[in-house]
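Written below as structure tokens is the structure these notes are about.
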There are 2 protein chains.
Amino acid sequence: MGSFQQAMQRSGLKRTKQRECVYNVLEKADVPINAEQIYKELLSESINLSTVYRILESFVEKDIAIKATLGQSVTAIYELNRQEHKHHLICAECHSIVAISGCPLEQYVEDLSKTTHYQILEHKLEITGICPRCQAKHGK
Amino acid sequence: MGSFQQAMQRSGLKRTKQRECVYNVLEKADVPINAEQIYKELLSESINLSTVYRILESFVEKDIAIKATLGQSVTAIYELNRQEHKHHLICAECHSIVAISGCPLEQYVEDLSKTTHYQILEHKLEITGICPRCQAKHGK
DNA sequence: TATGCAAATGCAAATTATTTGCAAATATTA
DNA sequence: TAATATTTGCAAATAATTTGCATTTGCATA
Ligand SMILES: [Mn+2]
Ligand SMILES: [Mn+2]
Ligand SMILES: [Zn+2]
Ligand SMILES: [Zn+2]
């Protein structure tokens, strides 16, 4: 059984053509993407943009996908919840995103929980820099 | 000379009543706030909301303020650039924000720069949890 | 101090991102 | 296959931000 079917089954969401399309787009993306990008990928399927939003909302609700915003951007982005903790490196020039695996914060977060008495749920680390390609463009 | 005047002088922005109002609101806020919140603080001054946005934009441009988005929120927030590196702890329930000082990532970021060949400019760490007050509300 | 002008502001309208109401279509279950 | 709750499309609403343009203001200079 495909992972889409599994996700629908576990969550109790109905297995619709539109949800499958959105799921597939998310599945093949290796970095978070926004609703508009998903919509454009699916122009040939003529799925409505508000349906895309509703599907994303339902996926987030069911923990099938993760919603976030990055940097100064004011647009929400989504990725499949692959249950693996990762962080992102964003190019300040070309806005490309690469995922970085491994977390340097495990111990820190544990300590922080003790000192602040917060019950820590998750954390997000975004690192901004200039990617090698954009550095090259600047000559030198 | 007040720090507002200094900021205007260094940046070359004109010293207007509206800019001073926005600056003062940012100065007395200890966590990032959004344009609407600033606007409401300044209702008595009857400054226009688009002016607030334009002022914030100019402050960010001149590095007087920092713009960001947090968590899943789609609204930009702003804080005075106090030149001190800090991170934020956000309550998942009441959405309160507290600043945490000290950075556990200095060495990590340096290493990352070497392995990825990115020129690292900055990073943002957001930690989400449940604050002691909200934990208490849930009883036990 | 008065004048000139670029920069900044107010106001209304435009844009962008997202959400909602409602009627029609569809998936699931019996 | 029928019953029904869910989902979708479409148009309109809302929220956040941006823009055009006429008017006002800060600041440099005469
Ligand atoms: Mn981590
Ligand atoms: Mn840090
Ligand atoms: Zn780049
Ligand atoms: Zn709280």
Side-chain angles (χ1 to χ4, degrees), chain A residues 1-2 4-23 25 32-62 64-78 95, chain B residues 1-2 4-23 25 32-62 64-78 95:
Chain A
M1 176 166 54
F4 169 68
Q5 266 184 75
Q6 274 179 33
M8 294 305 99
Q9 206 139 62
R10 269 194 300 102
S11 63
L13 295 175
K14 286 183 178 173
R15 193 182 170 298
T16 67
K17 169 178 160 291
Q18 291 87 338
R19 283 192 177 133
E20 184 158 19
C21 289
V22 171
Y23 189 95
V25 172
I33 51 181
N34 65 42
E36 191 74 28
Q37 290 172 305
I38 295 169
Y39 174 70
K40 283 186 179 150
E41 279 289 305
L42 295 175
L43 278 183
S44 58
E45 308 288 335
S46 70
I47 170 177
N48 194 275
L49 179 58
S50 50
T51 303
V52 172
Y53 275 106
R54 276 193 278 227
I55 287 173
L56 290 169
E57 190 186 19
S58 69
F59 283 5
V60 170
E61 163 96 32
K62 300 295 187 182
I64 294 165
I66 295 169
K67 177 183 183 182
T69 55
L70 282 191
Q72 305 183 186
S73 166
V74 108
T75 312
I77 55 180
Y78 303 82
H95 304 107
Chain B
M1 177 164 59
F4 168 67
Q5 268 184 73
Q6 274 179 33
M8 294 306 98
Q9 206 140 64
R10 269 193 299 103
S11 63
L13 295 175
K14 286 184 178 172
R15 192 181 170 298
T16 68
K17 169 177 161 291
Q18 291 87 340
R19 282 192 178 134
E20 184 159 18
C21 289
V22 170
Y23 189 95
V25 172
I33 50 181
N34 65 42
E36 191 73 29
Q37 290 172 304
I38 295 170
Y39 175 69
K40 284 186 178 150
E41 280 289 306
L42 295 174
L43 279 183
S44 58
E45 310 287 334
S46 71
I47 169 177
N48 195 275
L49 179 58
S50 49
T51 303
V52 172
Y53 274 107
R54 277 192 278 225
I55 288 174
L56 290 169
E57 191 186 19
S58 69
F59 284 4
V60 169
E61 162 96 33
K62 299 296 188 180
I64 295 166
I66 295 169
K67 177 182 183 182
T69 54
L70 283 190
Q72 304 183 187
S73 167
V74 109
T75 311
I77 55 179
Y78 303 83
H95 305 106

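Naming: A, B, ... by sequence-line order, numbering from 1 per chain.
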Practice prompt. Figure out the OH/C1' separation between Y53(B) and dC11(C), and round it to whole Å.
Written response: 16 Å
Worksheet entry | Between CD on residue E61(B) and CG on residue L13(B), distance to nearest 0.5 Å | 8.5 Å
Worksheet, complete the sentence: To the nearest 0.5 Å, atom CD1 of I47(B) lies from atom NZ of K17(B) at 7.0 Å
Worksheet item: With a 4.5 Å limit on heavy-atom distance, are the side chains of F59(B) and R19(B) in contact?
Response: yes
Worksheet item: I55(A) versus I38(A): any side-chain heavy-atom pair under 4.5 Å?
Response: no
Discussion item. Classify R15(B) by what it touches in the nucleic acid, base, sugar-phosphate, or nothing, heavy-atom distance under 4.0 Å.
Written reply: sugar-phosphate
Worksheet item: Which part of the nucleic acid does R19(A) contact within heavy-atom distance under 4.0 Å: base, sugar-phosphate only, or nothing?
Response: sugar-phosphate
Discussion item. Please classify the nucleic acid contact of I55(B) as base, sugar-phosphate, or nothing, using heavy-atom distances under 4.0 Å.
Written reply: sugar-phosphate
Worksheet item: I47(B) CD1 to dT9(C) C1': how many Å, rounded?
Response: 9 Å
Worksheet item: Counting any heavy atom closer than 4.0 Å, what does S58(A) reach on the DNA or RNA strands: base, sugar-phosphate only, or nothing?
Response: nothing
Worksheet item: Got a second to check how far I66(B)'s CD1 is from L56(B)'s CG, nearest 0.5 Å?
Response: 13.0 Å
Worksheet item: If each of S50(B) and G12(B) is mapped to the nucleotide of DNA chain C with the nearest heavy atom, which maps nearer the 5' terminus, i.e. the 5' end?
Response: G12(B)
Item to complete: Please report the shortest heavy-atom distance between A76(A) and V74(B), naming the atom on each side.
Response: N-CG2, 3.9 Å
Worksheet item: Could you give the CZ-to-C1' distance, from R54(A) to dT18(C), as a whole number of Å?
Response: 11 Å
Discussion item. Using the side chain to side chain contact (heavy atoms under 4.5 Å, CB included) criterion, which residues pair with T75(A)? Sequence neighbours excluded.
Written reply: N34(A), S73(A)
Worksheet item: By salt bridge (Lys or Arg N to Asp or Glu O under 4.0 Å), which residues pair with K14(A), not counting sequence neighbours?
Response: none
Response to the item:
Numerically ordered, the residues 34-46 of chain B set in heavy-atom contact under 4.0 Å with DNA chain C is S46(B)
Worksheet item: Contact boundaries of DNA chain D with chain B (under 4.0 Å, heavy atoms), 5' to 3'?
Response: dA16(D) to dC27(D)
Fill in: pair V52(A)-E36(A): side-chain heavy atoms closer than 4.5 Å
no
Item to complete: Could you pick out which residue, L49(B) or L49(A), lies toward the 5' side of DNA chain D when each is mapped onto its nearest nucleotide?
Response: L49(A)
Fill in: Angle by which the axis turns from one end of the helix from dT1(C)-dA30(D) to dA30(C)-dT1(D) to the other, five pairs per end, to 10 degrees
40°
Worksheet item: Does the side chain of Q18(B) get closer than 4.0 angstrom to OP1 or OP2 of dG10(C) through an N or O atom?
Response: yes
Fill in: Identified side-chain contact (heavy atoms from CB on, under 4.5 Å) counterpart of Q5(A) within the set R10(A), R15(A), E20(A)
R15(A)
Discussion item. I want to check one thing: is the phosphate of dG10(C), taken as OP1 and OP2, less than 4.0 Å away from some side-chain N or O of T51(B)?
Written reply: yes
Item to complete: Report the distance from atom NZ of K67(A) to atom C1' of dA17(C), rounded to the nearest whole Å.
Response: 10 Å
Worksheet item: What pairs with E57(B) under salt bridge (Lys or Arg N to Asp or Glu O under 4.0 Å), at least two apart in sequence or on another chain?
Response: none
Discussion item. Do M8(B) and I64(B) have side chains that approach each other closer than 4.5 Å (heavy atoms only, starting at C-beta)?
Written reply: yes
